[in-house]
Amino acid sequence: MTVIGKARCATCEKEKGILKCEGCLLTFCYNHAADHRQELNKKMENVIYKSDLIQQTLAERTNDLKNNSRMKEINDWEYKSIEKIRQTAEEARKEFRHTADHITQVKVRLNNLMEEIRQSYQENNYYETDLHQWKSTLSQLEEELQFKSWNSKLQHDPIPLETKISFETPTPRLYVPQLSIPYIKEFRKWSQNGVTFAGGNRS
Ligand SMILES: [Zn+2]
Ligand SMILES: [Zn+2]
């Protein structure tokens, strides 16, 4: 506050302004200086109100985080996805082993048949019925090796790496904030100690 001689009050424009606000540099008479102070006071309370509002929202969000099952959902999703891939790979391995077993079987049967044919040939001991039987068995073995996947490449769908988990952002709720009462009280006391004007504790 600066006391100056006869200046005009910014509010009533009368030539009795004696207090100058250090904040806006306007001069006021005693009455209007109080009004001006009150106006500032109101603005200040709005600022405090707003910060309290944010603080409350922050507290709610923090609480939401604590109680949220989100982390569990992510873990579940991860576990289920890995489990699904593991199962699919296991099925593919099973099918592969089955195919390998089958080929081994065909090999054994072919070896036995070839041995039989070789012996019969050496001993010159075979007839039309034998030839017919062997031809038929050979055709069967040939056919058994014609399964689809043997000559084809491994077919698989790529795992979509761009997979994203997203959660709905909670809609901000409307609530009546509780003002931090002690702070407001203290502030009022400070603003009421008369002479001190804008600009904190300067006097
Ligand atoms: Zn005035
Ligand atoms: Zn002012």
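This structure is a prediction, so every number in the text was calculated from the model and none was measured. Atoms within each ligand, like the ligands themselves, are counted from 1 in listed order. The analysis underlying the following values was restricted to heavy atoms, covering all of them including side chains, and did not include hydrogens, waters or symmetry mates.
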Should the heavy atoms of other residues, nucleotides or ligands under 6.0 Å from CD of E142 be counted, would the total exceed 12? no
Might you confirm whether atom CD of E83 has over 12 heavy atoms from other residues, nucleotides or ligands at distances under 6.0 Å? yes
Test side chain to side chain contact (heavy atoms under 4.5 Å, CB included) applied to K107 and N111, step by step: CA-CA 6 Å; K107 194 176 167 186; N111 284 346; 4.3 Å; yes
Will you find, in the side chains of Q140 and E144, an N or O donor that is under 3.5 Å from an N or O acceptor? yes
Using the ring of each side chain (for Trp, its six-membered ring), is W134 parallel, tilted or perpendicular to Y126, with breaks at 30° and 60°? tilted
Please give me the protein atoms (N, O or S only) lying under 2.8 Å from the Zn ion (ligand 1), ordered by chain and number. C9 SG, C12 SG, C29 SG, H32 ND1
With rounding to 10 degrees, C24 SG, the Zn ion (ligand 2) and H36 NE2 define an angle of 110°
In plain terms, say whether K72 and D76 are close enough for a salt bridge, that is, a side-chain N and a carboxylate O under 4.0 Å apart. yes
